[in-house]
Undergrad: 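I have a structure here, written as structure tokens, and I will follow up with some questions on it.
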Amino acid sequence: MDLSLAVPPESTYRLDQMLELLNDDERNRAGRFRHDDDRRTFITAHALTRLGLSRHHPGITPTEWTFEDGPWGRPDPTNAGIGELRVNLSHTRDMAAVVAADAIQVGVDVEHMTQEDWIYETIDTVFSADECTSLLRLDEASRRERFYLYWTLKESYIKARGMGVSLPLTQISFAPSDGDGVVLEVEPGVEDEPSAWQFAIFHPSPTVRGAVGARTDELDLVSSWPTLR
Ligand SMILES: CC(C)(COP(=O)(O)OP(=O)(O)OC[C@H]1O[C@@H](n2cnc3c(N)ncnc32)[C@H](O)[C@@H]1OP(=O)(O)O)[C@@H](O)C(=O)NCCC(=O)NCCS
């Protein structure tokens with residue numbers, strides 16, 4: 001399973017090169033962002049996706065990839081001959097991430113860490129009772145780290161399921177386990193078997209946190225920072 005990471009370039013020349021890899025729909029979407037930062041991360045994430053998929057299947061060039069949205073909006077590649085190739089992308093300020101795997105449900109999330117406190121305003125609508133309790137027990141610095149740990153893990157899981165926020169978020173619960181491990185627990189409404197899942201967390205920069213979730217026995221994750229061209 002591949003995890004590709006990239007910092008969006010400042011250079012207009014390099015962004016234009018990446019824009020040429022995207023299809024009309026992606027280019028139109030890129031053109032609609034009001035903030036340059038958002039546009040740069042969007043273009044980078046989608047170019048990174050196409051380049052990553054072509055590394056998986058060198059017979060298909062980056063511009064040739066086609067996608068179709070699933071029932072809850074997750075785009076899956078539809079080219080002939082790719083089997084059950086799955087891909088998922090995430091973009092945040094200053095970082096894009098893409099995970100790709102054969103025949104495994106995968107999801108990725110990266111989040112830029114803000115130092116503001118509004119992030120805590122809606123925790124009871126997003127986190128489980130156990131997650132909320134554990135957050136409130138921590139000192140400020142640890143609480144912020146834990147918030148982003150839970151958030152990215154939960155996003156990676158709901159994105160891997162392809163169902164986004166249609167899943168009951170407060171019924172999905174993560175807890176740190178020994179070492180770097182995490183344990184997933186779900187209530188019956190989530191309709192899943194938590195032991196079928198593996199997760200990996202990563203810190204691609206001092207201000208960005210990320211997680212990958214995959215429905216697999218063994219998470220064999222290879223990370224890289226590919227050249228964007
Ligand atoms: C749709 C959703 C996946 C968006 O997540 P996000 O954190 O805002 O954005 P990310 O950058 O991580 O991911 C966006 C990408 O996920 C993909 N995506 C879209 N719908 C998806 C779905 N149902 N499942 C998986 N992936 C999806 C797309 O490729 C999208 O890229 P694009 O918008 O550039 O086309 C969904 O999880 C959501 O709406 N989250 C809102 C945030 C929230 O409330 N999270 C609470 C859980 S902790």
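Order of listing sets the numbers, starting from 1, for every ligand and every atom in it. Bear in mind that the values here come from a model prediction, so they are computed numbers and not experimental data. We're numbering straight along the sequence, starting at 1.
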Undergrad: For Asp37, does the CG atom have more than 12 heavy-atom neighbours from other residues, nucleotides or ligands under 6.0 Å away?
TA: yes
Undergrad: Suppose we measure from atom 20 (N) of ligand 1 to each protein heavy atom; which comes out shortest, and what is that distance?
TA: Gly73 O, 3.2 Å
Undergrad: Is the closest N or O pair between Val165 and ligand 1 shorter than 3.5 Å?
TA: no
Undergrad: Check ligand 1 against Arg29 and write out every atom of the ligand that is under 4.0 Å from a heavy-atom position of the residue.
TA: 32 (P), 33 (O), 34 (O), 35 (O)
Undergrad: Is it the side chain (CB and beyond), the backbone, both or neither of Leu169 that lies under 4.0 Å from ligand 1, heavy atoms counted?
TA: side chain
Undergrad: Do the non-hydrogen side-chain atoms of Asp220 and Met1 ever get within less than 4.5 Å of each other?
TA: no
Undergrad: Is it true that Arg146 and Glu131 have a side-chain N and a carboxylate O under 4.0 angstrom from each other?
TA: no
Undergrad: Is there a side-chain contact between Trp197 and Val186, using heavy atoms and a 4.5 Å cut-off?
TA: no
Undergrad: Report the nearest protein non-hydrogen atom to atom 3 (C) of ligand 1: residue, atom name, distance rounded to 0.1 Å.
TA: Lys159 CG, 3.5 Å
Undergrad: At a 4.0 Å cut-off, with the gap strictly under it, does some heavy atom of Arg161 reach an atom of ligand 1?
TA: no
Undergrad: Strictly less than 4.0 Å: does any protein heavy-atom distance to atom 1 (C) of ligand 1 fall in that range?
TA: no
Undergrad: Return yes if some donor-acceptor pair links the side-chain N/O of Arg215 with the main-chain N/O of Ala196 below 3.5 Å, else return no.
TA: no
Undergrad: Tell me whether atom 9 (O) of ligand 1 lies less than 4.0 Å from at least one protein heavy-atom position.
TA: no
Undergrad: Under 4.0 Å from a heavy atom of Pro75: which atoms of ligand 1 are those, numbered in the order shown and with their elements?
TA: 17 (C), 18 (N), 28 (C), 29 (O)
Undergrad: Would one find more than 12 heavy atoms of other residues, nucleotides or ligands at under 6.0 Å from atom CD of Glu185?
TA: no
Undergrad: Is any side-chain N of the basic residue among Asp2 and Arg55 closer than 4.0 Å to the acidic one's carboxylate O?
TA: no
Undergrad: Quick one, Arg86 and Arg74 - any side-chain contact, counting heavy atoms below 4.5 Å?
TA: yes
Undergrad: If the contact criterion is a heavy-atom separation under 4.0 Å, does Gly162 count as touching ligand 1?
TA: yes
Undergrad: Between Glu155, Glu111, Lys154, which one has a non-hydrogen atom sitting closest to atom 45 (N) of ligand 1?
TA: Glu155
Undergrad: Short check: is a protein heavy atom less than 4.0 Å from atom 34 (O) of ligand 1?
TA: yes
Undergrad: Counting each atom of ligand 1 from 1 as listed, which ones have a heavy atom of His46 under 4.0 Å away?
TA: 32 (P), 34 (O), 35 (O)
Undergrad: Would you call the rings of Phe33 and Phe42 parallel, tilted or perpendicular if under 30° counts as parallel and over 60° as perpendicular?
TA: tilted
Undergrad: Examine the proximity of ligand 1 to Ala160 and report which part, side chain or backbone, both or neither, has a heavy atom under 4.0 Å away.
TA: neither
Undergrad: Would you check the N or O atoms of His91, main chain and side chain alike, for any that come under 3.5 Å of an N or O of ligand 1?
TA: yes
Undergrad: Donor-acceptor pair, Tyr148 side chain versus Val208 backbone, under 3.5 Å?
TA: no
Undergrad: Hey, which atoms in ligand 1 end up nearer than 4.0 Å to a heavy atom of Ser90?
TA: 10 (P), 11 (O), 12 (O)
Undergrad: I'd like to know whether CD of Glu218 has more than 12 heavy-atom contacts from other residues, nucleotides or ligands below 6.0 angstrom.
TA: no
Undergrad: What part of Leu89 sits under 4.0 Å from ligand 1 if we count only heavy atoms: the side chain, the backbone, both or neither?
TA: both
Undergrad: Within a strict 4.5 Å, meaning less than it, do heavy atoms of the Arg93 and Thr41 side chains meet?
TA: no
Undergrad: Could you list which atoms of ligand 1 come closer than 4.0 Å to a heavy atom of Asp109?
TA: 7 (O), 12 (O)
Undergrad: Starting from atom 23 (N) of ligand 1, what is the nearest protein heavy atom, named by residue and atom, and what distance separates them?
TA: Trp72 O, 2.8 Å
Undergrad: Compute whether any side-chain donor of one residue and acceptor of the other, for Arg161 and Tyr157, lie under 3.5 angstrom apart.
TA: yes
Undergrad: Are Tyr150 and Ser128 packed together at the side-chain level, in the sense that at least one heavy-atom pair is separated by less than 4.5 angstrom?
TA: no
Undergrad: Check whether Arg14 reaches the backbone of Pro9 with its side chain - one donor and one acceptor, N or O, closer than 3.5 Å.
TA: no
Undergrad: Are any of the heavy atoms in Ala45 under 4.0 Å away from ligand 1?
TA: no
Undergrad: Show which atoms of ligand 1 fall inside a sub-4.0 Å distance from at least one heavy-atom site of Ile158.
TA: 37 (O)
Undergrad: Does Tyr150 approach ligand 1 within less than 4.0 angstrom via side chain, backbone, both or neither, non-hydrogen atoms only?
TA: neither
Undergrad: For ligand 1, which atoms, with element, lie under 4.0 Å from some heavy atom of Val126?
TA: 48 (S)
Undergrad: Any idea which protein heavy atom is nearest atom 26 (N) of ligand 1, and the distance to it?
TA: Asn88 ND2, 3.1 Å
Undergrad: For ligand 1, which atoms sit closer than 4.0 Å to a heavy atom of Phe42?
TA: 34 (O)
Undergrad: Using a 4.0 Å heavy-atom cut-off, say whether Asp69 meets ligand 1 through its side chain, its backbone, both or neither.
TA: neither
